[in-house]
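Before any comments, here is the structure.
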There are 2 protein chains.
Amino acid sequence: MANEKQIVDALRKRGNKITPQRLLTIKVLMTLDQHHFSVEELFQAVKLQNTDVGMSTIYRTVQILEEMGFITKRNFDDGFARYELCERDEKHWHHHLICLKCGKVIEMQGDFLEALEKEIEEKKDFIIINHELKVYGYCSDCYAIMKGDKFD
Amino acid sequence: MANEKQIVDALRKRGNKITPQRLLTIKVLMTLDQHHFSVEELFQAVKLQNTDVGMSTIYRTVQILEEMGFITKRNFDDGFARYELCERDEKHWHHHLICLKCGKVIEMQGDFLEALEKEIEEKKDFIIINHELKVYGYCSDCYAIMKGDKFD
DNA sequence: GTGCATGCAAAACGTTTGCAAATCT
DNA sequence: AGATTTGCAAACGTTTTGCATGCAC
């Protein structure tokens, strides 16, 4: 996971400028308690510290950071794109358990797909860069509620 | 994978009506050569056989079929939602290899995640209903081209 | 006849873009 | 100085909705 200095340096190297809005966006980004943030959520968090920021600036910054590989886009089917900071070690993947009832997203560390990946690269002639595993089901809370109520 | 009769029966059981538009939509749906179809694509295919169909009717039918579990929504980040017919055997899952260069989606049959699922159910206290695995990388065609050109 | 389904047009939604003014380097 | 970035508002493309009419049961 990159730190502020690394991101700023990389931006400069790319020919981008370090404006107050952009710097603040990066700072806020790294301290969000919501790990899977939407642009709207980031926008609100940034605005708490500086009212003079436009939504489109946040969109544009997020876009740049994604191109640079510092954040990744995720889709949890809740209406908007979500992003998360990338791990430094690209092999240190994590997966998502998504509750079909309450929408909660639980992260699961660890890569369990090495054998499968090997098979894919051999049999399918496909160069693997990344992967994403989503597991849908019911979290223990919702399952407990459903066992109490009648299923629907 | 359900057949037309099963879907129609299930619709009736739900109290839905079998209108010509809906029936045609289902028929066309099952003969699409595009396995991962968007609503727009389905709409165009249906319109070839009956011009008197509105886009919103297709949207509404697709929504119902998804609620009923006959089709599943997929997101390949190409701007619109895509759907595919569900397998009858819910354990007969397949995965998607997505080329980062040309966007081609290759399907891969087989479930390789049984051990992982067992672990999740035990350690994370999570009831698994379904899962989705996307593998991003380069298909052999694009990889060949990239090896010829310079990488970018 | 009742209630769900339809087509249309308009609205809604998240996201992107054009622009003139402001800002970074 | 020159090029990038900004905020605003308008545009965008997909999807949803309100509504009066039509149709299946």
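Every chain is numbered from 1 and lettered A, B, ... according to where its sequence line falls, protein lines coming before strand lines. Here the structure is a predicted model, which is why all the values come from computation and not from measurement.
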Counting only non-hydrogen atoms, which of residues 47-63 of chain B are less than 4.0 Å from DNA chain C? B:Asp52, B:Val53, B:Gly54, B:Ser56, B:Thr57, B:Arg60
Which ones in residues 70-85 of chain A lie close to DNA chain C, meaning a heavy atom under 4.0 Å from one of its atoms? A:Gly79, A:Phe80, A:Ala81
If you count the non-hydrogen atoms of other residues, nucleotides and ligands that lie under 6.0 Å from CD in B:Glu67, is the total more than 12? yes
Looking only at side-chain atoms of B:Lys17, point me to the closest of C:dT6, D:dC25, C:dC24. D:dC25
Of the residues in residues 24-43 of chain B, which ones touch DNA chain C at a heavy-atom distance under 4.0 Å? none
Taking only side-chain N and O atoms of B:Arg22, does any of them lie within less than 4.0 angstrom of OP1 or OP2 on C:dT6? yes
Can you check whether B:Asn16 has a side-chain N or O nearer than 4.0 Å to OP1 or OP2 of C:dC4? no
Between atom CD1 of B:Ile127 and atom CG of A:Leu100, what is the distance when rounded to the nearest 0.5 Å? 11.5 Å
Would you confirm whether the ring centroid of B:His36 sits within less than 6.0 angstrom of the ring centroid of B:Phe76? yes
With a 4.0 Å cut-off on heavy atoms, is B:Arg12 in touch with a base, just the backbone sugar-phosphate, or nothing at all? sugar-phosphate
Closest to the B:Gln21 side chain, choosing from D:dT4, C:dA5, C:dG7: C:dG7
Before we go on, tell me: are the rings of A:His131 and B:His95 under 6.0 Å apart, centre to centre? no
